[in-house]
Each structure stands twice: as structure tokens, then as C-alpha cells.
Amino acid sequence: MKKVILGLSALCMVAFTSCKEENATSKINSDNVAAAAERDATSSEFPVITFVEAEHDFGTIVNGTPVETKFKYTNTGDSPLVVSNIKSTCGCTVPSDWNKDPIAPGDSAEFTVKFNGKGNNQVSKSITLTTNTEKGSEVVKIKAFIEPDPNAPAKAKPAVKTIQ
């Protein structure tokens with residue numbers, strides 16, 4: 001507790017003694033003020049990511065059939081777009097090959113999503129991009145209708161015992 005009080009006292013002492021100068025406005029450089037104002041005006045301009053398709057439908061596939069697609073996107077904003085990470089909701093969907101360099105306004109890029117094709121009936125997976133857009137992240141989706149493999153061995157039905 002003594003250390004906290006001593007630290008706060010030292011901080012207050014530095015703050016009060018550093019403001020002794022009578023004419024602090026004479027230290028302001030007008031060039032720095034103009035540069036800061038310009039920087040602050042442009043800092044509110046976020047990049048905007050626009051996808052060619054935000055959801056890809058693989059249609060009907062047989063269970064266990066691996067498939068992949070590419071998601072193409074363009075930076076339609078006014079500042080460079082950075083995609084720092086891409087994650088999926090599970091290990092069966094793997095994003096890869098994305099550009100980690102800043103993407104200039106008007107430029108395009110793409111990334112690959114591989115899906116192992118396992119599941120039953122209608123399946124939907126989300127892929128989240130961590131970006132420097134205003135929201136901070138963007139989501140694309142894949143979906144497929146998965147049919148049972150006709151060549152897969154049939155599951156044995158459990159034996160039913162009759163009680164006599």
C-alpha cells in the first residue's frame with residue numbers, strides 16, 4: 001500500500017512541476033498540428049471488402065468427397081486492406097493461400113477453402129476473415145447437401161431379443 005501511495009505522489013509531483021512554463025502555446029508547431037489533423041481525417045477511412053460471392057453452394061455431393069472453392073474479393077474502400085487471419089468453424093473446412101500483404105484500393109485477391117465433404121444432409125460452414133475493415137471481421141459461407149456413399153458398407157442393425 002505504501003508503494004502505491006508513494007508512486008501516486010511521485011506521479012502527481014511530476015505532473016505539477018512539468019506544467020510550470022507560463023507560455024506553453026509557444027511550443028506548438030503549426031506544421032505538426034496540420035499534419036495531425038490530416039492524419040486524423042484519413043484515419044476514419046476504412047477499407048471495404050467486397051466478395052464476388054459471399055456464400056458458395058457445392059450442391060449435392062457424396063459423403064466423403066473432398067471439394068474446394070476460391071473466394072475472390074476486392075478492396076472497394078479508400079485505404080489498404082489487410083487480411084491478417086482466416087479461420088473456419090471446424091477442422092473439416094480449411095482456408096488457405098490468402099494474401100497477407102496489404103491490398104491497395106481497387107485491387108483484388110482470393111483464398112481457397114477446402115471441405116472434406118463429410119456429414120449428413122444439408123451442411124453449412126462459416127469462414128471468418130480477420131481484417132482491418134470497420135467491423136474487424138468478415139464472414140463467408142460454404143454449404144452442400146451430402147448424400148450417403150452408395151458404396152459404403154451398410155451398418156448392421158442391432159439384434160433384437162425377444163423375451164419369452
Side-chain angles (χ1 to χ4, degrees), residues 4 7-8 11 15 18 24-25 27-158:
V4 173
L8 286 174
L11 183 65
S18 65
T25 57
K27 290 185 173 183
I28 297 175
N29 182 343
S30 61
D31 293 336
N32 291 344
V33 172
E38 183 178 334
R39 180 198 66 222
D40 291 346
T42 59
S43 68
S44 64
E45 296 173 2
F46 290 98
V48 177
I49 189 168
T50 304
F51 292 95
V52 172
E53 69 173 346
E55 183 173 329
H56 180 78
D57 187 355
F58 289 111
T60 302
I61 60 174
V62 175
N63 190 16
T65 304
V67 290
E68 72 177 56
T69 187
K70 291 187 182 288
F71 282 96
K72 297 178 183 177
Y73 57 93
T74 302
N75 179 3
T76 56
D78 295 325
S79 59
L81 170 68
V82 176
V83 177
S84 58
N85 195 15
I86 302 179
K87 287 194 255 184
S88 66
T89 53
C90 71
C92 63
T93 307
V94 181
S96 62
D97 303 328
W98 73 87
N99 186 352
K100 295 178 178 104
D101 296 327
I103 299 163
D107 286 353
S108 297
E110 65 184 21
F111 64 94
T112 304
V113 174
K114 295 179 182 179
F115 173 57
N116 69 4
K118 297 199 183 233
N120 294 318
N121 299 321
Q122 188 68 40
V123 175
S124 180
K125 304 292 178 181
S126 296
I127 299 95
T128 304
L129 291 78
T130 304
T131 64
N132 63 334
T133 58
E134 189 170 8
K135 290 191 302 187
S137 66
E138 305 292 330
V139 177
V140 294
K141 294 182 178 187
I142 60 169
K143 66 180 184 176
F145 186 84
I146 301 177
E147 292 182 334
D149 185 352
N151 299 322
K155 291 184 180 179
K157 293 185 181 181

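Computation of the quantities below employed the complete heavy-atom set of this structure, encompassing side-chain atoms and omitting hydrogens, waters and symmetry-equivalent molecules. Predicted model, so just to flag it, every value in this text is computed and none were measured.
- Separation of atoms CZ (F46) and CG (N75) is listed at 13.0 Å; rounding is to 0.5 Å.
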Checking I127 against V140 for the side chain to side chain contact (heavy atoms under 4.5 Å, CB included) test, could you report, in this order, the C-alpha distance in whole Å, the side-chain angles of both residues, the deciding distance, and whether it holds? CA-CA 5 Å; I127 299 95; V140 294; 3.8 Å; yes

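- Side-chain contact between S84 and T130 is present, with heavy atoms from C-beta onward closer than 4.5 Å.
- One finds the NZ atom of K72 at 15.5 Å from the OG1 atom of T50 (value rounded to the nearest 0.5 Å).
- Between F145 and N121 the shortest side-chain heavy-atom distance falls below 4.5 Å.
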Could you please spell out the steps behind the side chain to side chain contact (heavy atoms under 4.5 Å, CB included) verdict for F115 and T93? CA-CA 4 Å; F115 173 57; T93 307; 3.6 Å; yes

Assess the residue pair F71 and I86 against the criterion (side chain to side chain contact (heavy atoms under 4.5 Å, CB included)); give the C-alpha distance rounded to whole Å, side-chain angles, the decisive distance to 0.1 Å, and a yes or no. CA-CA 12 Å; F71 282 96; I86 302 179; over 6 Å; no

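- The backbone N or O of G119 sits less than 3.5 Å from a side-chain atom of N63, completing a donor-acceptor pair.
- Residues V82 and K100 approach most closely at CG1-O, 4.4 Å, considering heavy atoms.
- Here D78 contributes atom CG and E45 contributes atom CD; the two are 5.0 Å apart, rounded to the nearest 0.5 Å.
- V113 places none of its side-chain heavy atoms less than 4.5 Å from the side chain of S88.
- For the atom pair OG (S126) and NZ (K87), the distance works out to 13.5 Å, reported to the nearest 0.5 Å.
- Ring-plane geometry between Y73 and F111 is classed as tilted, the angle between the planes lying from 30 to 60 degrees on a 0 to 90 degree scale.
- When all heavy atoms of A144 and D57 are compared, the closest pair comes out as CA-OD1, 4.2 Å.
- Across all their heavy atoms, K125 and C92 have their closest contact at CE-SG, 3.6 Å.
- Of the inter-residue distances, the one linking I142 atom CD1 with F58 atom CZ reads 5.0 Å to the nearest 0.5 angstrom.
- Within 6.0 Å of the CD atom in E53, the count of heavy atoms belonging to other residues, nucleotides or ligands exceeds 12.
- In this structure, T112 contributes its side chain and D97 its backbone to no donor-acceptor pair below 3.5 Å.
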Run the side chain to side chain contact (heavy atoms under 4.5 Å, CB included) check on L81 and N132 step by step: do they pass? CA-CA 6 Å; L81 170 68; N132 63 334; 3.5 Å; yes

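- Here the straight-line distance linking atom CG of N120 with atom CD of E147 works out to 11.5 Å at 0.5 Å rounding.
- Of all heavy-atom pairs between I146 and V62, the closest is CG2-C, 4.3 Å.
- Panel note: side chain N99, backbone A109; no donor-acceptor pair is recorded below 3.5 Å.
- In plain terms, the two heavy atoms of P47 and P80 that are nearest each other are CG-O, 3.5 Å.
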